[in-house]
Number of protein chains: 2
Amino acid sequence: MLSTHCTPAQTAVLQTLQRQHRPLSAQSLYTLMCQHQRIGLATVYRSLDALKRLGRVQHRATLEGEMLYSAVEADHHYMTCLHCGQSFPLDRCPLKAIEAQLQGSSSFTIYYHTLEFFGLCEPCAIQMDGISQSLSL
Amino acid sequence: MLSTHCTPAQTAVLQTLQRQHRPLSAQSLYTLMCQHQRIGLATVYRSLDALKRLGRVQHRATLEGEMLYSAVEADHHYMTCLHCGQSFPLDRCPLKAIEAQLQGSSSFTIYYHTLEFFGLCEPCAIQMDGISQSLSL
DNA sequence: TTCGAGAATGATAATCATTCTCATTTTATG
DNA sequence: CATAAAATGAGAATGATTATCATTCTCGAA
């Protein structure tokens, strides 16, 4: 990790994210934290930004463009359906070996990666199939 | 691919993205297209959204949170430095095999994936190293 | 070819996530 | 303690994205 020095707010934000085992938007993170402590929305954003640069928090954008933040250690990846927009978590990361190999062959020091698959989940694929046939495409 | 039916605006947006071999923000895409044709900003956004759902366009958010769009066929991945924010493209995708395997073992139909590595580029790693030492951390 | 319904588009207003500003509070340090 | 620097919260400002709506285009049916 880069540095370990964190402000109290940064620590609180990170802990909250770690306890939620799912990605959160900045707004819902803020709402959630307000239930237990006093914190400003700007501080949430500032902390998320600092934690991103510390390599402790990662972000991804949903199909709709909503930005979601999660603790890096969770290291979860998703398959996201292009039709219904739902995201399905992968149960394990298929990239450990590749990351190690890349690490060895380049001067870049990797802390974490993001990986997401896009396509159609089964129900949507079936539904689209039905539509295609009824339109005789 | 999902469907091939595209409106003229969607086709123009996709072609512009394909000709640029780099991710573009919606705004710069709009500016670029205005030089050659008449198109509204809202239409650019609408087309990008439609193309995302058609599996032809993908988006990613930079460290700073800027949303960048690119044609899926480009299939580029990046290593992004957490310190300076620069993104370095990978020259090939290390995931073909894994995608095929995942395709076989799940009922999800994959059209494309996004993959990005985060860490430190060499100059930043050296610079940070110097700082650490001077602070005797 | 002409008509009409529905889709697509452009301009612009509205929304809302994110960032900025600044006064106040906390922290680190001598 | 005293002080400076950093962190914070509240609310204003910004700017990307989305919604609205009047107009234009598309295309099948007459």
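Lettering of chains follows the sequences in order, A, B, ..., and the numbering in each one begins at 1.
No donor-acceptor contact under 3.5 angstrom links the side chains of B:His113 and A:Glu116, judged on distance only. Residues A:Thr31 and A:Ser28 have side chains that never bring a donor and an acceptor to within less than 3.5 angstrom of each other.
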Could you list, one pair per line, each protein nitrogen or oxygen that sits under 3.5 Å from a nitrogen or oxygen of nucleotides 12-22 of chain C, together with the distance?
{"from": "C:dT18", "atom 1": "OP2", "to": "A:Tyr45", "atom 2": "OH", "distance (Å)": "2.3"}
{"from": "C:dT18", "atom 1": "O5'", "to": "A:Tyr45", "atom 2": "OH", "distance (Å)": "3.2"}

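In this structure, B:Arg38 reaches the C:dA11 phosphate: one of its side-chain N or O atoms is under 4.0 Å from OP1 or OP2. A close approach under 4.0 Å does not occur between any side-chain nitrogen or oxygen of A:Thr7 and OP1 or OP2 of D:dA6.
Annotation: the span from A:Met67 atom CE to A:Leu24 atom CG amounts to 14.5 Å, rounded to 0.5 Å. Taken from CG in A:Leu48 to CD in A:Gln10, the straight-line distance is 9.5 Å, to the nearest 0.5 Å.
The distance from atom CD of B:Glu66 to atom P of D:dA16 is 8 Å, rounded to the nearest whole Å. The interatomic distance linking B:Tyr30 (OH) with D:dT17 (P) rounds to 14 Å, in whole Å. As rounded to whole Å, 16 Å separates atom P of D:dA7 from atom CG of A:Leu48.
Between A:Phe88 and B:Phe108, the angle of the ring planes goes over 60°, which puts this pair in the perpendicular group of the 30/60° scheme.
Note on the helix from C:dT1-D:dA30 to C:dG30-D:dC1: angle between the axes of the first and last five pairs equals 30°, rounded to 10 degrees.
A cation-pi contact, defined as under 6.0 Å to the ring centre and within 45° of the axis, links B:Arg60 to B:Tyr78.
Residues A:Gln27 and A:Tyr45 come closest through the heavy atom pair NE2-OH, 3.6 Å.
B:Thr43 comes within contact range of at least one nucleobase, with a heavy-atom separation under 4.0 Å.
Comparing D:dT8, C:dG10, C:dT9 against the side chain of B:Ile39 picks out C:dG10 as the nearest.
Using a cutoff of 4.0 Å between basic side-chain nitrogens and carboxylate oxygens, A:Glu64 and B:Arg53 are scored as salt-bridged.
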